[in-house]
Amino acid sequence: MQEVQKGIFSHYAADRIFHNSPVFADMMTLTTQSFLNAGLSRERLRLSVIAHVAVELMIDRQILLENEQLCFDYYNCLDMASETGISDYFDAFSLDDLKRRFLIKFQFFKQRRFLFLFGEIENIVEGLCRIYQNVTKVEFTAGEKRNFIMALNNIDSAIRYSWKEILNVKSL
């Protein structure tokens with residue numbers, strides 16, 4: 001249970017640094033503007049929320065393209081995670097329903113290995129569509145999907161050359 005709690009705190013600390021970095025803010029601005037330039041509607045869609053997730057997925061794409069082995073290593077680590085330990089953690093807080101939903105999603109995430117799909121921008125857009133629909137119940141139209149693909153293709157090279165700054169790494 002201590003390992004699970006330690007992992008949660010570590011994730012929160014990393015997210016705080018990541019999401020507050022000037023490079024992330026610049027990427028968010030660039031992505032939102034690219035969405036607007038592609039003709040996507042702020043009135044219909046929460047473009048800044050979509051941009052936030054899109055930047056994260058586009059960075060995942062760059063990691064995959066630069067060093068696919070890191071993705072294999074990531075999933076191997078997830079496969080080694082103790083589901084008993086995770087279950088015990090939820091049990092300690094009497095979170096039975098949350099535990100059940102988390103473990104189902106965790107197993108699905110491990111099985112699907114989504115990171116390997118992000119080599120293609122079309123798959124990132126499909127992921128954005130599913131995430132957004134799951135949260136808001138609003139589905140992207142076929143035209144919006146095409147516009148998202150165009151917008152992400154337009155910023156792909158900018159992210160390719162700046163994403164390491166946000167992780168503060170020189171190479172993978």
Side-chain angles (χ1 to χ4, degrees), residues 1-25 27-28 31-32 35 44-140 144-145 148 152 159 163-169 172:
M1 279 189 16
Q2 288 176 339
E3 288 297 312
V4 173
Q5 188 66 45
K6 186 175 146 186
I8 291 169
F9 287 148
S10 175
H11 179 90
Y12 286 160
D15 262 5
R16 191 171 24 264
I17 292 167
F18 178 79
H19 293 122
N20 289 315
S21 78
V23 178
F24 185 77
M27 287 183 183
M28 286 274 303
T31 303
T32 303
F35 290 165
R44 182 172 135 65
L45 303 170
R46 296 184 60 194
L47 296 183
S48 60
V49 171
I50 298 167
H52 182 110
V53 177
V55 167
E56 291 179 355
L57 298 182
M58 292 293 283
I59 290 172
D60 289 344
R61 168 183 161 73
Q62 297 309 317
I63 292 169
L64 172 68
L65 294 175
E66 180 159 325
N67 188 344
E68 186 179 39
Q69 184 59 45
L70 282 176
C71 298
F72 285 106
D73 295 345
Y74 172 73
Y75 285 110
N76 287 337
C77 285
L78 288 180
D79 288 337
M80 292 186 317
S82 167
E83 289 192 21
T84 301
I86 295 169
S87 184
D88 290 347
Y89 181 82
F90 283 102
D91 289 342
F93 296 100
S94 300
L95 300 170
D96 291 335
D97 188 50
L98 187 59
K99 173 181 80 172
R100 183 186 57 76
R101 287 183 286 145
F102 177 84
L103 288 173
I104 288 169
K105 289 180 181 179
F106 183 58
Q107 290 164 356
F108 181 72
F109 181 80
K110 290 191 308 180
Q111 289 169 355
R112 289 298 313 266
R113 298 185 174 244
F114 290 106
L115 291 177
F116 293 107
L117 300 175
F118 297 161
E120 301 298 326
I121 287 178
E122 292 80 1
N123 293 334
I124 290 175
V125 171
E126 195 56 43
L128 289 171
C129 180
R130 288 182 182 175
I131 292 166
Y132 194 75
Q133 182 179 9
N134 196 17
V135 173
T136 66
K137 309 301 181 225
V138 174
E139 188 173 357
F140 298 167
E144 287 168 338
K145 287 180 183 180
F148 277 116
L152 293 179
I159 290 179
W163 71 273
K164 288 182 183 174
E165 293 174 48
I166 203 167
L167 300 179
N168 202 16
V169 296
L172 297 176

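The chain is numbered in sequence order, starting from 1.
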Indicate every side-chain donor-acceptor pair of residues 120-133 with a distance under 3.5 Å to a residue at least two apart or in another chain.
residue: Asn123; atom: ND2; partner: Leu117; partner atom: O; Å: 2.9
residue: Tyr132; atom: OH; partner: Arg46; partner atom: N; Å: 2.9

Can you list, pair by pair, the side-chain donor-acceptor contacts under 3.5 Å of residues 100-111, counting residues two or more places apart and other chains?
residue: Arg100; atom: NH2; partner: Asp97; partner atom: OD1; Å: 2.9
residue: Arg101; atom: NE; partner: Asp97; partner atom: OD2; Å: 3.2
residue: Arg101; atom: NH2; partner: Asp97; partner atom: OD2; Å: 3.4
residue: Gln107; atom: NE2; partner: Glu83; partner atom: OE1; Å: 2.7
residue: Lys110; atom: NZ; partner: Glu83; partner atom: OE2; Å: 2.9

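By the side chain to side chain contact (heavy atoms under 4.5 Å, CB included) test, Thr84 pairs with Ser82, Asp88, sequence neighbours left out. Remark: Phe116 engages Phe72, Tyr75 in a ring-ring contact (aromatic ring centres under 6.0 Å, His included) (not counting sequence neighbours). In this structure, the side chain to side chain donor-acceptor pair (under 3.5 Å) partners of Gln69, at least two apart in sequence or on a different chain, are Asp73. In terms of the ring-ring contact (aromatic ring centres under 6.0 Å, His included) criterion, residue partners of Phe148 (sequence neighbours excluded) are, by chain and number, Phe35, Phe140. Residues passing the side chain to side chain contact (heavy atoms under 4.5 Å, CB included) test with Val4 are Ile8, Ile86, Tyr89, sequence neighbours excluded. For Tyr12, the ring-ring contact (aromatic ring centres under 6.0 Å, His included) criterion is met by no residue, not counting sequence neighbours. For the side chain to side chain donor-acceptor pair (under 3.5 Å) test, residues two or more places apart in sequence or in another chain that qualify with Asp79 are Arg113. Listed by chain and residue number, Lys99 satisfy the side chain to side chain donor-acceptor pair (under 3.5 Å) test with Asp91 (two or more places apart in sequence, or in another chain).
Considering all non-hydrogen atoms of both residues, Thr32 and Ala51 come closest at OG1-CB, 3.3 Å. Nearest heavy-atom pair across Phe118 and Arg61 is O-CG, 3.1 Å. Here the closest heavy-atom approach between residue Ser48 and residue Met28 is recorded as O-CE, 3.4 Å. The two residues Gly119 and Leu64 come nearest to each other via the heavy atoms N-CD2, 3.3 Å.
To the nearest 0.5 Å, atoms OG (Ser10) and CD (Gln5) are separated by 11.5 Å.
At a threshold of 4.5 Å between non-hydrogen side-chain atoms, the residues Leu115 and Tyr74 count as touching. Asn67 has its side chain out of reach of Ile63: every pair of non-hydrogen atoms, C-beta onward, lies at least 4.5 Å apart. Considering only heavy atoms from C-beta on, Glu144 comes within 4.5 Å of Arg44 through its side chain.
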Decide yes or no on side-chain contact (heavy atoms from CB on, under 4.5 Å) for Phe114 and Leu57, but give the supporting numbers first.
-> CA-CA 10 Å; Phe114 290 106; Leu57 298 182; over 6 Å; no
CA sep, side-chain torsions, deciding dist, call: Met27, Met58, side-chain contact (heavy atoms from CB on, under 4.5 Å) | CA-CA 10 Å; Met27 287 183 183; Met58 292 293 283; over 6 Å; no
Could you check Trp163 against Glu66 for side-chain contact (heavy atoms from CB on, under 4.5 Å), going step by step and ending with a plain yes or no?
-> CA-CA 11 Å; Trp163 71 273; Glu66 180 159 325; 3.9 Å; yes
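Annotation: salt bridge (Lys or Arg N to Asp or Glu O under 4.0 Å) contacts involving residues 6-23, sequence neighbours excluded, are absent.
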